[in-house]
Amino acid sequence: MAAVRASGLLDLPEAPGLTRLTRLAARLLGVPTALVSLVTDEQQVFAGQHGLPEPWAGRGRTPLTHSFCRHVVDSDEPLVVSDAREHPVLRDNPAIDEIGVVAYAGMPIRVDGQTLGAFCAIADTPHSWAANDLDLLEDLAAAVASEIELARAAHHAEEGSALVRRILEVSQDAYVSIDADGLVREWNPAAERLFGWARDEAFGMDVSKLIVPEEHREAHRQGLDRVRETGRSVLAGQRLELPAVDRNGRLFPVELTLQATNMGGGRPMFHAFLHDISDRRAAEEQLRRQAELIDAAPAAIIVRDPDGTIRFWNRGAEQVYGWPASAAVGRNIHRLLSTVFPTRLDAIARALEETGSWEGELVHRRADGRVVVALSRHVRRPAADGAGHEIIETNTDITERRRAEEAREESERRFRVQFRQSTIGQVMLGLDGVVLHVNDALAGMVGRSAADLCGHGVDLLTHPDDRDGDTEALAGLFAEESDSYERAKRLLHADGHYVDVQTGVRLVRDADGRPLHLIGVVQDVTEQNRARRERDAAQLVLAERNEQLQQANQLKLDLMGMLSHDIGTPLTAIMGYGEVLTDAELPGPLGGAAARIITGAHRIDELRHNVLAMCKLDAGELTTVRQPVALRAALRDAADAADAVVPIECPDDLEVLANPAHLRQIIVNFLTNARKYGGGATRVSVHSRDTGVEIAVHDEGDGVPESLREHLFERYTRAADAAAEGHGLGLHIVASLAQANGGSVAHRPGVPTGSVFSLRLEIG
């Protein structure tokens with residue numbers, strides 16, 4: 001009952017589209033009366049009628065006592081009666097005598113899985129209903145359901161449009177809508193207040209002359225031209241900040257969100273919500289200037305919580321302590337800097353609480369490990385958010401320069417640790433090229449011990465062809481042409497083979513610039529060089545293969561274009577004119593020929609869609625947008641498309657989540673295969689499985705040979721002795737379509753014979 005009321009047809013005049021369908025049904029079936037009947041708990045209401053006698057035609061409804069259609073709704077099945085006077089259930093119905101309902105054929109009207117009423121044809125004399133008549137009546141019932149859905153959608157759209165208008169009227173943001181020519185089509189009260197133009201003045205005007213500064217108008221017009229040419233807006237969906245001008249010429253910044261509609265077809269419309277951000281820009285500029293002053297201070301300025309958590313860390317703090325703000329903020333300052341206090345920490349906290357400030361010297365450790373002595377001043381003040389207090393800490397570096405010798409000793413200690421433990425080969429050479437120190441990593445690289453290498457010239461380890469290059473590079477260091485050099489060379493291993501290495505050498509000088517010794521870093525690149533050579537060879541092969549693939553891809557694109565346009569366009573015309581012929585009252589042989597034209601065209605179209613899907617699959621472009629689909633109606637539509645008369649066992653209210661076109665293509669493929677190889681489908685069953693739905697197409701043919709079952713859904717799989725012709729791609733395509741829709745396909749042998757092909761999808 002709720003679904004009937006939600007259709008909106010109970011309180012509206014008869015829909016012209018529904019009335020035309022009843023008139024068409026009466027003419028095609030040769031009966032005097034046809035009705036679109038919506039059944040409630042008290043009466044049946046005629047949303048469309050033809051040939052109904054008075055007074056019932058004027059009333060547009062009858063009580064349920066006079067209703068044959070209620071039985072269609074109760075059973076959710078067609079009701080076909082040749083003579084109601086002899087029907088055990090209907091013979092006492094008063095509609096027989098009062099309205100003249102003798103012969104009756106009614107089909108359920110289903111909308112969104114609910115049966116709302118019946119579409120029926122009535123004769124006042126006994127009438128035998130032919131199968132073609134019932135098929136026609138069923139098709140017209142489906143058209144009635146579509147007409148009801150359209151009427152309901154229009155009603156909802158009108159309500160939604162009214163709601164949007166009310167929202168725009170009370171919105172605090174200016175709303176401006178323009179067409180593809182830049183002319184204003186909507187201008188809400190907030191826009192009137194922001195820009196000074198009344199809606200009546202702004203409507204139909206070029207928006208650039210109303211709110212776009214003169215120096216930006218040409219760019220605005222070029223953007224509109226680009227959208228008209230390409231059908232695509234690069235700014236749609238973005239949040240933008242742009243200059244604007246009001247009626248009085250005031251220039252001010254606005255923030256806007258731009259959206260575009262009808263970009264897929266027709267002329268686009270653009271919609272924007274705007275608001276003045278002048279105050280925000282001014283506040284941001286003030287904060288920026290203040291932040292620059294704080295950052296420019298040479299001292300470390302830190303804002304922290306009483307427990308030591310850092311909330312602000314200026315550039316001076318980064319320079320003093322070496323920690324960037326991103327690493328310091330949110331951490332405890334005392335642990336981060338290893339603070340050493342001149343007195344107990346609780347005494348400092350007590351002084352801050354009692355006097356609001358404290359001064360003293362603190363010892364901190366920088367990010368690089370260096371100790372910093374800072375003259376520190378702490379000031380306690382209320383927190384910015386009004387909850388509790390915060391400490392502003394200003395620290396000035398007063399560390400005396402470390403004695404050069406202490407710094408050098410510390411540096412040497414760190415170097416020795418790094419030198420010994422490094423996994424990269426390192427060596428220290430005298431100016432004469434004799435090894436002074438070498439680490440284990442380099443010694444292992446040439447198959448010797450560190451003790452064996454010390455005291456020997458490095459030239460003895462170098463390939464003879466590489467020694468001249470070392471000499472020239474060293475000359476550049478001594479001549480102060482550079483501080484270091486890097487080069488590839490070969491070292492002699494203890495077992496006689498050479499090792500490819502990458503070396504880096506630096507000349508160390510004393511305080512007066514005189515050379516002291518050489519430091520070298522050596523890395524084994526033997527495997528890298530081998531991999532590089534193999535990569536270069538592979539790239540040559542890959543380049544040749546890539547050229548072949550590009551040629552094949554171009555051929556595939558040409559094929560897709562031909563199938564999509566050169567074949568699709570005339571095929572659409574064939575199917576369209578074929579349907580016109582089938583709707584006409586042609587003599588018997590011509591009617592059959594027209595039906596065969598339609599069937600053949602649909603089969604060609606099916607093959608075309610399969611090839612296009614295969615091309616998209618190979619190109620990695622097979623995508624889908626899933627939506628809830630009423631399963632029973634979708635299965636019936638697929639059966640009609642496959643020209644298959646097959647029982648469908650499916651709950652009326654079941655929905656699955658899928659792309660409707662992909663679902664139809666999969667089921668049509670199953671039904672077509674059943675006709676080709678299994679003698680035709682015997683039934684289509686639907687069962688809920690866990691969180692999904694299984695749709696199964698059954699046949700009673702010879703079944704799939706066991707040797708093919710494992711590879712059934714792979715490309716080009718088909719029986720060698722199959723009676724029907726095929727390309728072996730259909731099942732591979734449906735498997736890909738199912739996967740794109742979040743589902744899967746499967747096959748199992750039928751019992752006792754035949755096959756069952758199934759599709760599993762998510763419940764919608």
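Scope of the values below: all heavy atoms of this structure, side chains included, with no hydrogens, waters or symmetry mates. Worth saying up front: this structure is predicted, and the values here are computed from it rather than measured.
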Any donor-acceptor pair under 3.5 Å from T682 side chain to H698 backbone: yes
Closest non-hydrogen atom pair, I733 against Q665: CG2-NE2, 4.1 Å
Donor-acceptor contact below 3.5 Å, side chain D181 vs main chain L183: no
Reported CG-to-CG distance for the pair D112 and D653, which is rounded to 0.5 angstrom: 11.5 Å
Any residue meeting side chain to side chain donor-acceptor pair (under 3.5 Å) with R27, in chain and number order, not counting sequence neighbours: none
Residue among L671, V629, V646, V686 satisfying side-chain contact (heavy atoms from CB on, under 4.5 Å) with L635: V686
Test side-chain contact (heavy atoms from CB on, under 4.5 Å) applied to V102 and D83, step by step: CA-CA 5 Å; V102 175; D83 191 339; 3.5 Å; yes
Min side-chain heavy-atom separation R632-L654 under 4.5 Å: no
Set of residues satisfying side chain to side chain donor-acceptor pair (under 3.5 Å) with respect to R59, sequence neighbours excluded: none
Salt bridge (Lys or Arg N to Asp or Glu O under 4.0 Å) against D173, all qualifying residues, sequence neighbours excluded: none
Residues T62 and Q44: side-chain donor-acceptor under 3.5 angstrom: yes
Which residues share a salt bridge (Lys or Arg N to Asp or Glu O under 4.0 Å) with D637, sequence neighbours left out: R664
Donor-acceptor contact below 3.5 Å, side chain R85 vs main chain P126: no
Side-chain donor or acceptor of D133 paired with backbone N/O of L29 under 3.5 Å: no
L35 side, atom CG; H50 side, atom NE2 - distance, nearest 0.5 Å: 10.0 Å
Spacing of CD belonging to E147 relative to CG belonging to L140, to within rounding of 0.5 Å: 12.0 Å
Residue pair P53 / I99, side-chain heavy-atom distance below 4.5 Å: yes
side-chain contact (heavy atoms from CB on, under 4.5 Å) between D699 and N673, worked out: CA-CA 10 Å; D699 68 62; N673 277 359; over 6 Å; no
Minimum side-chain heavy-atom gap S37-V45 below 4.5 Å: no
Q43 side, atom CD; L64 side, atom CG - distance, nearest 0.5 Å: 7.5 Å
Whether H271 and Y175 hold their rings parallel, tilted or perpendicular, with breakpoints at 30° and 60°: parallel
Residue list, side chain to side chain donor-acceptor pair (under 3.5 Å) with D74, at least two apart or on another chain: none
For the student: nearest non-hydrogen atoms of A634 and L663, plus distance: CB-CD2, 3.9 Å
Closest approach of A105 to L134 (non-hydrogen atoms, all atoms of both residues): CB-CD2, 4.1 Å
Results of salt bridge (Lys or Arg N to Asp or Glu O under 4.0 Å) for D179 - residues two or more places apart only: R185
Nearest non-hydrogen partners of V745 and A738, listed with the distance: CG1-CB, 3.7 Å
Sequence-distant partners of D640, salt bridge (Lys or Arg N to Asp or Glu O under 4.0 Å), two or more places apart: none
Backbone of D652 reached by a side-chain donor or acceptor of R110 within 3.5 Å: no
Check: N741 side chain, N659 main-chain N or O, donor-acceptor pair, under 3.5 Å: yes
Non-hydrogen atoms of S67 and H71 that approach each other most closely: O-CD2, 4.0 Å
Under 3.5 Å: donor-acceptor pair, side chain of S685, backbone of E649: no
Qualifying ring pair (Phe, Tyr, Trp, His ring centres under 6.0 Å) pairs, either residue in residues 130-152, two or more places apart: none
Euclidean distance, N93 CG relative to T65 OG1, rounded to 0.5 Å: 7.0 Å
Straight-line distance of I178 CD1 to F270 CZ, nearest 0.5 Å: 6.5 Å
Run the side-chain donor-acceptor check on residues 16-25: report pairs under 3.5 Å with partners two or more places apart or on a different chain.
residue: T19; atom: OG1; partner: E14; partner atom: OE1; Å: 3.3
residue: T19; atom: OG1; partner: A15; partner atom: O; Å: 3.2
residue: T22; atom: OG1; partner: T19; partner atom: O; Å: 2.6
residue: T22; atom: OG1; partner: Q49; partner atom: O; Å: 3.4

Where at least one partner belongs to residues 15-46, residue pairs that pass ring pair (Phe, Tyr, Trp, His ring centres under 6.0 Å), sequence neighbours excluded: none
Residue pairs passing the ring pair (Phe, Tyr, Trp, His ring centres under 6.0 Å) test where at least one lies in residues 81-137, sequence neighbours excluded: F68-Y104, H127-W129
Partners meeting side chain to side chain donor-acceptor pair (under 3.5 Å) with E762 (sequence neighbours left out): R626
Distance-minimising heavy-atom pair for L761 and V656: CD1-CG2, 4.1 Å
Min side-chain heavy-atom separation F757-L731 under 4.5 Å: yes
